[in-house]
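Below you'll find the structure, written out as structure tokens, and then a few comments.
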Amino acid sequence: MNNQDRTKQILNDFDIQAFQQDLIRWFKDEQRILPWRENQDPYRVWVSEIMLQQTKVDTVIPYFNHFMEKFPDPESLATADEQEVLKAWEGLGYYSRARNLQTAVREVVEEYGGVVPHDPKELGDLKGVGPYTKGAILSIAYDTPEPAVDGNVMRVLSRILHVEDDIAKPKTRKVFEELVRGVISTEDPSSFNQGMMELGALVCTPKTPSCMLCPVQEHCRAFNEGIETTLPVKSSKKKQKKIPYKIVIIENNRGEVLIEQRPNEGLLASLWQYPMIPMKDLGQESAKIWFEDQYGLEVEWGQKLENIKHVFSHLIWEMEVVKAHIINGELDHERARFVSKEELNDYPFPVSHQKAHKHTSL
DNA sequence: AACTCGGGGGC
DNA sequence: GCCCCAGAGTT
């Protein structure tokens, strides 16, 4: 059965009108006051939606406010230096979001006169604007009845409509998009979509939902069947791989510290870090050889400063922070340089390496 | 479809 | 520890 026919079957005997009304009424009464809800400025909505990807509201708020002061409109972001944008994103994670956002904003300025496209195709073709973000911008900024299916929406709808599809599977999002098309309010799609997400964040939470406070409790099949905590169905993901590194703190005779810029693609792209030796298959002596080969500096290991474990979504860095002293040689590395401790603050560092700042800046 | 890509907070 | 979060891009 295709998704459209399935939607009809699932929504058979579901009171769409009453559900919409109860959800929207609750959202209008109980919604949180958030900076990106001050108005419907599509640029603000856009920036907020990118920041909110896989990131909690409380984390985003200060970043959003600062970002809007620094880059208040598409033009200011389009003309900004990429390192400046990354610095504003520092600590937020998923840094390709920042790069893609700037790429897309530049396209909006050049191709669309600085106006965020209303057209779903044009909007969805922008870098970093996927199915969710497209629907969120169209509904929230432009009052268009398009689905915006995120983790909240899948959790909420899986319970209300008793859908047992595994939400970890890519194709399941399409199932819920079709369901949203079936239940979304055409009068107020913005409040409907935001209401679904707000409900997921405040009431219909993953572990212990507050069903007694739920504005759409009477519409919820899972609650009525007493199975709300068994939904949604989600297959678990595998655990992270551990990778050992040696983090090297080196000062020259001017009191400057050695840092380097990471590659422009891949993990933590274009961010800065202290030199980092991959210790898998390397011992203490061969690490020195590796370091001299890479940087042109002959060093001896100094004091062991700290062990840092940093957990990513898909891997774990086990970092031994050590001091090193230059014995001989001249720095010879495309992306590395000595900088003063004051200048360190101008470079975007991933949190993993910010943890090592205390060994240089204090 | 599976993998990559950050970091924080809840329990 | 494990799970989740207003997901998207790449392979």
Side-chain angles (χ1 to χ4, degrees), chain A residues 27 31-32 34-37 44-64 86 89-101 103-104 124-141 147-156 166-174 176-177 180 190 192-202 204-209 229 232 234-242 262-263 265-271 273 309-317 348-355:
Chain A
F27 176 70
Q31 65 171 295
R32 290 167 290 182
L34 300 171
W36 47 90
R37 287 179 177 165
R44 289 172 63 89
V45 172
W46 182 8
V47 171
S48 74
E49 291 302 340
I50 300 298
M51 286 189 170
L52 285 162
Q53 288 170 10
Q54 298 294 288
T55 311
K56 289 220 160 62
V57 163
D58 290 339
T59 303
V60 167
I61 290 173
Y63 282 92
F64 178 83
L86 284 175
W89 211 270
E90 183 186 51
L92 198 51
Y94 287 151
Y95 299 94
S96 65
R97 292 184 294 176
R99 186 195 306 272
N100 291 339
L101 175 60
T103 300
D125 280 346
L126 295 171
K127 260 294 195 303
V129 179
Y132 164 75
T133 303
K134 178 176 66 174
I137 293 173
L138 288 174
S139 60
I140 299 171
V149 174
D150 69 339
N152 284 312
V153 172
M154 288 198 283
R155 182 174 61 256
V156 170
D166 183 353
I167 67 170
K169 303 285 187 193
K171 65 177 182 182
T172 301
R173 197 200 72 245
K174 297 177 185 289
F176 283 102
E177 280 178 350
V180 170
S190 172
F192 182 90
N193 278 347
Q194 291 190 79
M196 294 285 286
M197 294 186 275
E198 196 81 340
L199 191 65
L202 300 181
C204 195
T205 50
K207 299 292 184 186
T208 54
T229 54
K234 185 173 187 179
S235 55
S236 58
K237 46 179 185 275
K238 61 176 190 179
K239 65 176 183 181
Q240 306 97 321
K241 193 171 298 181
K242 294 178 181 174
R262 292 180 59 82
E265 294 181 346
L267 182 64
L268 305 169
S270 303
L271 272 69
Q273 65 181 17
K309 183 169 130 178
H310 190 81
V311 179
F312 296 90
S313 308
H314 57 301
L315 51 88
I316 298 174
W317 281 359
F349 273 68
V351 169
S352 49
H353 281 255
Q354 287 176 27
K355 293 173 180 172

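Protein chains get the first letters and strands the later ones, always in sequence-line order, with residue 1 at the start of each.
- Across all strands, T133(A) comes closer than 4.0 Å only to sugar-phosphate atoms, never to a base (heavy-atom distances).
- S48(A) comes within contact range of no nucleotide atom at all, as no heavy-atom separation falls under 4.0 Å.
- For the pair K237(A) NZ and dA1(B) P, the interatomic distance rounds to 18 Å; values are reported in whole Å.
- A 4.0 Å heavy-atom criterion places the boundary nucleotides of DNA chain C facing chain A at dG1(C) to dG9(C), written 5' to 3'.
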For this session: Quick one: do L34(A) and V60(A) satisfy side chain to side chain contact (heavy atoms under 4.5 Å, CB included)? Show the steps, please.
Result: CA-CA 10 Å; L34(A) 300 171; V60(A) 167; over 6 Å; no
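- Nearest-nucleotide assignment on DNA chain C puts the 5′-proximal partner with K309(A), out of K309(A) and A136(A).
- Position along DNA chain B of the nearest nucleotide to K207(A) versus K171(A) favours K171(A) as the more 5'-ward residue.
- Side-chain nitrogen and oxygen atoms of H314(A) include at least one within less than 4.0 Å of the OP1 or OP2 phosphate oxygen of dC5(B).
- Computed from coordinates, the W89(A) CH2 to dG6(B) P distance equals 12 Å when rounded to whole Å.
- Atoms NZ (K174(A)) and C1' (dA1(B)) sit 12 Å apart, rounded to a whole Å.
- Heavy atoms of F312(A) sit under 4.0 angstrom from primed sugar atoms or phosphate atoms, though from no base atom.
- Pairs engaging residues 54-64 of chain A under the side chain to side chain donor-acceptor pair (under 3.5 Å) rule: T55(A)-R97(A) [sequence neighbours left out].
- Within the structure, a side-chain polar atom (N or O) of H310(A) is placed less than 4.0 Å from OP1 or OP2 of dG7(B).
- Note on ring orientation: taking the six-membered ring where Trp is involved, the planes of W36(A) and F64(A) are perpendicular (angle over 60°, cut-offs 30° and 60°).
- S352(A) contributes no side-chain N or O that forms a donor-acceptor pair with the base of dG7(B) under 3.5 Å.
- Using atom P as the reference point in both dG8(B) and dA8(C), the two lie 22 Å apart (nearest Å).
- Considering E177(A), Q53(A), E49(A) as possible partners of Y132(A), the one that fulfils the side chain to side chain donor-acceptor pair (under 3.5 Å) test is E49(A).
- Ring planes of H353(A) and F349(A): tilted class, angle from 30 to 60°.
- In this structure, K238(A) places its NZ atom 12 Å from P of dC5(B), rounding to the nearest Å.
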Exercise. Would R32(A) and L202(A) satisfy side chain to side chain contact (heavy atoms under 4.5 Å, CB included), going step by step from the backbone distance to the final call?
Worked result: CA-CA 10 Å; R32(A) 290 167 290 182; L202(A) 300 181; 3.9 Å; yes
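- At a cut-off of 3.5 angstrom, the base of dG8(B) holds no donor-acceptor pair with the side chain of T59(A).
- Look at the C1' atom in both dA6(C) and dC3(B): the space between them is 23 Å, to the nearest Å.
- Using a 4.0 Å heavy-atom criterion, one finds that V153(A) contacts no nucleic acid atom at all.
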